[in-house]
Amino acid sequence: MNNIKINNSLTGKKELFKPITPGHIGMYVCGPTVYNDVHLGNVRTFISFDVVYRYLIYLGYKVRYVRNITDVGHLLNDADSGEDKIAKQAKLLNKEPMEVVQYYTNGFHEVMRNYNNLSPSIEPSATGHIMEQIEMVQEIISNGLAYEVNGSVYFDVNKYNEHNPYGELSGRKIEDLLSNTRALDGQEEKRNPLDFAIWKAADESHIMQWNSPWGKGFPGWHLECSVMSTKYLGKTFDIHGGGMDLKFPHHECEIAQNVGAGGGHPVNYWMHGNMLTVNGQKMSKSAGNGFTPVQLKTGDHPLLEKGYSEMTIRFFMLQSHYGSTLDFSNDALNASEKGFEKLSKAYETLQSLTPSKENTVDIASLQQKCYDAMNDDFNTPILIAHLFDGVKMINSINNGKANIDEENLNKLKSIFNGFLFDVLGLKIEQNNTTSNDISNELMDVILEIRKEAKKTKNYALADHIRDNLSALNITIKDSKEKSTWEIN
RNA sequence: GACAAGAUGGCUGAACGGCUAAGGCAACAGACUGCAAACCUGUUUUGUGUAAGUUCGAAUCUCACUCUUGUCUCCA
């Protein structure tokens, strides 16, 4: 079996991965809050963990992958006293909260599909687990780690910290946190500024609320992940993923809640994906520098020179390691577009290669390198570099400069199918030549005329066609068999 | 301010003490072409923020400095 190493954010070290139950893996990833469109930064995180999921499956593990939908409980303003995000958007749009939730959940799923992410095994929603959340609040209270004030329940961080290291994940010390706490409104109910709401009382103006032992209210944001991961993966599970920006306070609170409810430390390996930046700044909803997937596809954004396909973007993201920041720029995307084209073309060439008797390429070693790359903390950029070694082999064989026998050819095909498609989740995009709309038919006519002109050595006409099409942003690409075209 | 991550060639981005610092893009040359483009092949002498230290050996470890980013309030 393969030895996978994972950079564990809890310890800050690269550790050998050992599942709790051999052959089975439980993985939880914090999903989106469905109150508006996802942006590219969100997409990056989900692609990163999609590849983790895909690789573990590829190795033969049975993986239960849980990714939640947050549809309540995300407070908008400071100090746990603001409005619920979903409820606010519902008021603005004059819709039922669940209507908002459904709309953006659908949109999220569509984006995930377009980027070729696999569906998680379970995608639970916070509103579907209100009872379980109430139960966990009760457990925490009964363990003396939470207190109720005016119908709200707060987690007692100081008390927790007496026996447990609050801040262990993010490397913070409680004294530092205390000394740096800002004075905020709406904290008068808390005994300590670090305390956080696990249940929040709702007045009548709140349009999302449920009955509870403490009156009408709604669950705190951090609670749902603790509850749902426990319910579906057990009190301790293998991998917990999420964006770097969730490390504190969200994941820190999650640990505290699980421990506080008597479950012990919930996660063996914490994985955090790094941020996508734009001109060096974090892409975020609040900064307003986020591209929606649609804008990226069409290029309809001031910072974009043109549109890019989903697979170009997926490839672009996988060319960096999930733990590193990745800076988004037109140059970088153009480079990825070219690179992915080259890879796609080589894949098509691979299908047409014919085996020979002798063999001059080392496919076994290539395959081992691919596994090694992924085993080393899911190092997709290295894997891609090795696949480009494969591209060079494919082209050499195609040019007659190298030979491959049947056994190795089959192995090479399985490497590309396995790592390119199954693991990296890329797919070859079809050109516009297969569809049969009118412009394709017109272009066929034009290219046929040009072909005739070349045949009769009427180069003036052939060049005239090429130049005038070029003026329309249409590029003709000649090859030995036929000419193709594309719009720039 | 506290804590965390980081600074690698023209751009992007790997490496986690040990052969010529990966790969992609760009540039240049060749091959192909009627000529180009595309595809293919090859090449790209000064590149690891600054200054010290540990070591036989440092991009990698230690110290200082400069700068960047993130978290500390909702965010993947």
Side-chain angles (χ1 to χ4, degrees), chain A residues 7 9 12 14 29-33 35 38-49 74-80 82 85 167 170-173 175-177 179-182 184 194 221 241-250 252 272-277 280-287 290 315-316 319-321 323-343 345-346 349 373 376-377 379-389 391-392 395-396 398-399 401 454 457-459 462-463 466-467 470 475-480 483-484 486:
Chain A
N7 189 17
S9 326
K14 211 182 266 187
V29 172
C30 290
T33 304
Y35 67 103
V38 294
H39 64 73
L40 206 61
N42 305 89
V43 172
R44 184 189 183 200
T45 297
F46 299 130
I47 288 178
S48 298
F49 289 105
H74 229 154
L75 292 160
L76 201 55
N77 300 321
D78 289 341
D80 291 349
K85 275 187 175 177
S170 52
R172 286 153 208 267
K173 293 189 174 59
E175 306 85 56
D176 295 335
L177 285 168
S179 64
N180 285 306
T181 306
R182 295 189 302 170
L184 298 168
L194 292 181
W221 168 43
M244 199 78 93
D245 47 356
L246 294 182
K247 211 170 181 183
F248 188 91
H250 181 61
E252 205 72 69
H272 285 96
N274 218 320
M275 299 294 103
L276 185 68
T277 59
Q281 302 281 319
K282 173 190 172 188
M283 180 181 280
S284 71
K285 289 175 183 172
S286 45
F315 182 74
F316 162 70
Q319 275 188 299
S320 77
H321 189 256
S324 305
T325 55
L326 172 62
D327 197 50
F328 182 96
S329 69
N330 286 288
D331 284 349
L333 273 180
N334 286 334
S336 292
E337 191 172 49
K338 283 288 186 69
F340 185 53
E341 255 175 48
K342 186 172 177 177
L343 199 53
K345 246 165 209 148
T349 305
D376 186 11
D377 198 24
N379 199 325
T380 54
I382 294 290
L383 170 61
I384 289 172
H386 292 317
L387 289 178
F388 274 105
D389 288 344
V391 168
K392 201 161 275 184
N395 287 328
S396 297
N398 194 41
N399 295 338
K401 288 183 180 167
K454 282 170 73 174
K457 295 203 193 308
N458 186 354
Y459 297 124
D463 291 349
R466 187 170 67 194
D467 294 345
S470 173
T475 305
I476 293 184
K477 294 181 175 179
D478 292 336
S479 74
K480 285 198 172 130
S483 298
T484 57
E486 68 181 31

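Protein chains get the first letters and strands the later ones, always in sequence-line order, with residue 1 at the start of each.
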Remember a base hit wins even if backbone is also touched, and classify A/Ile476 as base, sugar-phosphate or nothing at under 4.0 Å, heavy atoms. base
Considering just the side-chain nitrogens and oxygens of A/Asn395, establish if one lies under 4.0 Å of OP1 or OP2 belonging to B/rC40. yes
Select base, sugar-phosphate, or nothing to describe what A/Gly242 touches, counting heavy atoms under 4.0 Å on all strands. sugar-phosphate
Who passes side chain to side chain donor-acceptor pair (under 3.5 Å) against A/His39, sequence neighbours left out? A/Asn42
Have a look at A/Phe248 and say if it touches a base, only the backbone sugar-phosphate, or nothing, with a 4.0 Å heavy-atom cut-off. sugar-phosphate
The contact string for nucleotides 14-30 of chain B, one letter per nucleotide 5' to 3', using protein heavy atoms under 4.0 Å with B, S and - for base, sugar-phosphate only and none, comes out as SS------BBBSS----
Rounded to whole Å, CE of A/Met283 lies from C1' of B/rU69 at a distance of 15 Å
Between A/Ser483 and A/Arg466, do the side chains contain a donor N or O and an acceptor N or O under 3.5 Å apart? no
Interatomic distance at C1', B/rG47 relative to B/rA7, whole Å: 13 Å
Just to be sure I understand the rule, does A/Lys457 reach a base, reach only the sugar-phosphate, or reach nothing, if contact means heavy atoms closer than 4.0 Å? nothing
Which part of the nucleic acid does A/Gly167 contact within heavy-atom distance under 4.0 Å: base, sugar-phosphate only, or nothing? nothing
What about A/Asn274: does its side chain form a donor-acceptor pair under 3.5 Å with the base of B/rG70? no
